[in-house]
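Here the structure is laid out as structure tokens; the discussion comes afterwards.
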Amino acid sequence: MQHRRDCDVPGSMTFRIETAERGTFTLFILSGRIETRAIAELKRLFELQTDYRSVVLDLKDVSWVDRDVIGFLVRCEADGVKLENCPAYIREWMERDKD
């Protein structure tokens, strides 16, 4: 089952979250520009999950992120969220942010 939602966060451009089930995992497919204001919506969706280790974020179609989102992604990964198709520039920024 797959659900799609376009998220209009006040003061930012639209980003999209598609939700799909993959076995025991919940897959969130993100696309567009992910800005600080989007973090609250992502946290709300995560709270619906029983275990963060069953969450997968697919970042293949993310075109841009801001610094706060990088920190959020670092914390997600530390909490057990799996990042798939993470663009190299995001991964590099995350690695620098960990230091």
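Any value given below was found using the heavy atoms of this structure, including those in side chains, with hydrogens, waters and symmetry copies removed. Source: prediction; values computed, not measured.
- The two residues Ile70 and Ile90 come nearest to each other via the heavy atoms CD1-CG2, 3.9 Å.
- Screening residues 47-69 for ring pair (Phe, Tyr, Trp, His ring centres under 6.0 Å) gives Phe46-Tyr52 as the qualifying pairs, with residues at least two apart or on separate chains.
- Scanning for salt bridge (Lys or Arg N to Asp or Glu O under 4.0 Å) contacts around Asp51 gives Arg53, with sequence neighbours left out.
- Annotation: salt bridge (Lys or Arg N to Asp or Glu O under 4.0 Å) contacts involving residues 78-87, sequence neighbours excluded, comprise Arg22-Glu84, Lys82-Glu84.
- Scored by the side chain to side chain donor-acceptor pair (under 3.5 Å) test, Thr36 finds Asp66, Asp68 as partners (sequence neighbours excluded).
- Every residue meeting the salt bridge (Lys or Arg N to Asp or Glu O under 4.0 Å) condition with Arg67, not counting sequence neighbours, appears here in chain and number order: Asp97.
- With sequence neighbours left out, the side chain to side chain donor-acceptor pair (under 3.5 Å) criterion links Arg91 to Glu77.
- For Phe25, there are no ring pair (Phe, Tyr, Trp, His ring centres under 6.0 Å) partners two or more places apart in sequence or in a different chain.
- The shortest heavy-atom contact between Phe72 and Ile39 is CD1-CG2, 3.6 Å.
- Not counting sequence neighbours, the partners of Ser31 by the side-chain contact (heavy atoms from CB on, under 4.5 Å) test are Arg16, Asp61.
- For the atom pair CG (Asn85) and CG (Leu30), the distance works out to 11.0 Å, reported to the nearest 0.5 Å.
- Within the 4.5 Å cutoff, the side chain of Ile29 has no heavy atoms near those of the Ile17 side chain.
- With sequence neighbours excluded, no residue satisfies salt bridge (Lys or Arg N to Asp or Glu O under 4.0 Å) with Lys43.
- The two residues Leu83 and Met94 come nearest to each other via the heavy atoms CD1-CE, 3.5 Å.
- Going from atom CG of Leu57 over to atom CG of Leu42 covers 7.0 Å, rounded to the nearest 0.5 Å.
- Note: Glu47 CD to Arg44 CZ = 9.0 Å, rounded to the nearest 0.5 Å.
- Residues forming a side chain to side chain donor-acceptor pair (under 3.5 Å) with Lys98 (at least two apart in sequence, or on another chain): Glu95.
- Atom-to-atom distance recorded for Phe28:CZ and Thr19:OG1 is 5.0 Å, nearest 0.5 angstrom.
- The side chain to side chain donor-acceptor pair (under 3.5 Å) check on Glu92 picks up nothing, with sequence neighbours excluded.
- With values rounded to the nearest 0.5 angstrom, Cys86 atom SG is found 10.0 Å from Asp58 atom CG.
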